[in-house]
Amino acid sequence: MKHIAILLSTLLLFSLLPAQEMTVQAPSSVYSGSNFTVRFVVSDQARNFNGPSFKGFSTLSGPNVSSSTSMSFINGQTSRSVQTTFTYMLRADAEGTFTVDAATCNANGKRISSRPFSIKVEKMSAQQQQQQQAAASQRQQVVESANHIDENTLFARASISNANPWQGEQVIITYKIYTQVQVSQFAIDKLPRNRGFWAEDLTDNQQQVKQYYETIGDRRYKVAEIRRGALFAQESGRLAIEPLDLNVLAMVQRQRQRTGSIWDLFDDPFFNPQQAVECPLSTNRIAVNVKPLPRAPEGFGGAVGRFDVRGGLNLDQVKANEAISYTVTVSGSGNLMLIEAPQPQFPSVFEVYDPQIDDNIRKSDAGISGSRTFEWVLIPRSQGDFTIPALRFVFFDPSTGQYVTREIEAQQVEVTKGDSRANATVKEDVSHLNSDINYIHPITRLQPVRTTESCGWLFWTLAALILAAEGAGAYFLQRRRQSEADVAGMKMKRAIRLAQKRLRRANSLLGTGSTEQFYEEIYKAIWGCLSDKYNIPLSQLSRETVSASLQQRQVGDQQLDAIMHVLQDVDMARFAPGDPSRQMQQTYDEALNMIANLV
């Protein structure tokens, strides 16, 4: 009975919650002949909207549907809100007071409605009519003023640094506005779809637009560089750079209507205020003739530009079954982000893992530059002296039109006898867990059900409680289905909980000698937490994607470096455990601190 009382109290509290409503945003009074807006706002995802008839008004447009979604992260918890708005543009046709009926729609599985409201339509006074006519005349003057801005006064143009590049060569494209009138602002409507090119934006939105003067023919223009980008042709032949569309607000003098009186003397820019005029612009189309690369030598991986290469082993002596790394860093300017991983040759007794890629790419007015680093984790399984052959890196230099080869020298590595307690791990460890259906126990004795001719108060009380319990169960089931629909939110909520559970399991393995199982639990705890918390698929999870996600969330540099250091240490320890007693405890402490800092 105690649990039943709690259940009934909970149902009573839910029944007292305010019902979801649809709010109305509309003026209480308007003038006859004027246009106005009415909005119906629902604080949820709304469907099957049925608007009112708007008797006494003319519907110019509507319902125009718009929705907005906002998300907030507080103490690791995610909250999400959705708002749907239905907008009408109306015109008041006659004077009087008119009642607008309720609008209805479906939201959160319920049919909700707005409250009816009234709008009073009043007669416009003579002074207000004059003001309305003056505003219409002003708008007409703006249109006429815009006609005085021709294609020689205000235009946009695109230019490239090289119209005859090699395939893969970096080309800088610049978009400029040329004007002889004052421009207050601009907005890009549509970015060009440059087929056959890999494009990178070089515009720094934090800096002001670069401006200067330039003379074309006998005209002097003020020039504004509004956008700059780097293009890399992915195919040879004749390609086209499509125009960029934008809108510009130009400030023009509002023209005074001449009357032939003395007041025409004041038709001067000093007395006439400026008016903003919207002018659509479009840049020119550019034809590019891309030259194919010469026949590539062996070892060419698509690098086009000017590069240097360095790298090699981090150690020249290592114990068997312990991990070392081999890195190759390509630095310079060109198509860095398109360079494929080299293919170094390692001894057959080395277990080799797929390379991790670390990009340090900078963008400036001069183009793309920086470095790309490839790192392989190697685990020697036998002792002895081994040689890592020299690595040849080949790239194409557009300035000379020839292929250039850079080389990392061969290296010797001594592999000594490893710790006998270290367990060698393999790349994949798949186990199949099978379970069977439990035995079905037959029922040997059946009891007859007693019937009664009348139902007393106890029966009806139990029936009411059962119905109430079913209603509560249906309500909580619906809420659970809604929360389960938000997959990203659920994954983020359970990220820390699952990671802590795996860490407890790893803690229980300390000192048991189960080194392989311990590192598997640590590995799953860290990467599973990062995958769930930042909604990154496991197939795409790497140190680069984690670093990018943390930077987007404005994680401090110190915390970011600590996280990346823990990931590297855990990977190295997982592949080559070394001394279990000390290294396992250190790895556990680092993983525990990292996950605690992510909360």
Side-chain angles (χ1 to χ4, degrees), residues 10 13-30 34-92 98-120 185 187-191 205 247 474-495 532-536 549 552-554:
T10 304
L13 289 176
F14 277 108
S15 64
L16 295 177
L17 290 175
Q20 193 170 20
E21 294 183 354
M22 181 192 307
T23 60
V24 180
Q25 298 176 358
S28 58
S29 63
V30 295
S34 62
N35 300 335
F36 61 97
T37 302
V38 174
R39 295 183 178 90
F40 298 91
V41 182
V42 181
S43 58
D44 204 337
Q45 190 71 35
R47 298 180 179 84
N48 300 329
F49 178 79
N50 185 15
S53 60
F54 292 110
K55 182 179 179 181
F57 305 100
S58 296
T59 303
L60 303 180
S61 67
N64 303 312
V65 185
S66 63
S67 62
S68 61
T69 303
S70 62
M71 297 185 66
S72 61
F73 299 87
I74 301 176
N75 296 328
Q77 300 295 324
T78 305
S79 61
R80 177 175 178 267
S81 62
V82 180
Q83 179 175 286
T84 308
T85 304
F86 303 90
T87 305
Y88 286 89
M89 290 292 297
L90 306 174
R91 183 177 65 240
F98 301 92
T99 300
V100 180
D101 297 332
T104 60
C105 69
N106 291 337
N108 198 17
K110 299 179 181 179
R111 192 68 178 173
I112 62 175
S113 62
S114 64
R115 298 178 182 272
F117 60 96
S118 299
I119 299 178
K120 183 178 180 180
Q185 64 184 40
I188 296 176
D189 282 348
K190 185 184 70 173
L191 293 174
N205 297 324
N247 274 320
Y475 175 81
F476 287 113
L477 180 61
Q478 181 181 2
R479 293 292 299 271
R480 181 177 179 181
R481 289 175 177 174
Q482 291 177 353
S483 62
E484 289 178 349
D486 185 10
V487 179
M490 291 188 62
K491 291 175 67 177
M492 295 180 69
K493 291 179 181 179
R494 70 184 182 184
D532 290 341
K533 184 171 181 62
Y534 299 117
N535 197 23
I536 305 174
S549 298
Q552 290 178 359
R553 288 160 174 82
Q554 298 181 351

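Under the rule for a side-chain hydrogen bond (donor to acceptor under 3.5 Å, both in side chains), the partners of Asn106 that lie at least two apart in sequence or sit in another chain are Arg111. The side chain to side chain contact (heavy atoms under 4.5 Å, CB included) check on Arg91 picks up Asn35, Ser58, Leu60, Asp93, with sequence neighbours excluded. With sequence neighbours left out, the ring pair (Phe, Tyr, Trp, His ring centres under 6.0 Å) criterion links Phe98 to Phe57. For Ser28, the side chain to side chain contact (heavy atoms under 4.5 Å, CB included) test picks out no residue, with sequence neighbours left out. Remark: Phe49 pairs with Phe40, Phe86 by the ring pair (Phe, Tyr, Trp, His ring centres under 6.0 Å) rule, at least two apart or across chains. Scanning for ring pair (Phe, Tyr, Trp, His ring centres under 6.0 Å) contacts around Phe117 gives an empty result, with sequence neighbours left out. Every side chain to side chain contact (heavy atoms under 4.5 Å, CB included) that Thr85 has, sequence neighbours left out, goes to Arg39, Val41, Ser66, Gln83, Thr87. Not counting sequence neighbours, Ser114 has no partner by the side-chain hydrogen bond (donor to acceptor under 3.5 Å, both in side chains) test.
Closest non-hydrogen pair, Phe36 versus Pro27, comes out as CD1-CG, 3.9 Å. Pairing each heavy atom of Gly51 with each of Ala103, the nearest pair is CA-CB, 4.2 Å.
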Pair Ser118-Thr99, side chain to side chain contact (heavy atoms under 4.5 Å, CB included): steps then yes or no: CA-CA 4 Å; Ser118 299; Thr99 300; 3.4 Å; yes
Worked check of side chain to side chain contact (heavy atoms under 4.5 Å, CB included) between Met22 and Cys105: CA-CA 9 Å; Met22 181 192 307; Cys105 69; 3.3 Å; yes
From CA spacing to verdict: side chain to side chain contact (heavy atoms under 4.5 Å, CB included), Leu90, Thr37: CA-CA 6 Å; Leu90 306 174; Thr37 302; over 6 Å; no
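Listed for the Thr84 side chain is a donor-acceptor partner under 3.5 Å among the backbone atoms of Asp44.
Partner of Val42 under the side-chain contact (heavy atoms from CB on, under 4.5 Å) criterion, chosen from Asn108, Thr23, Ile112: Ile112.
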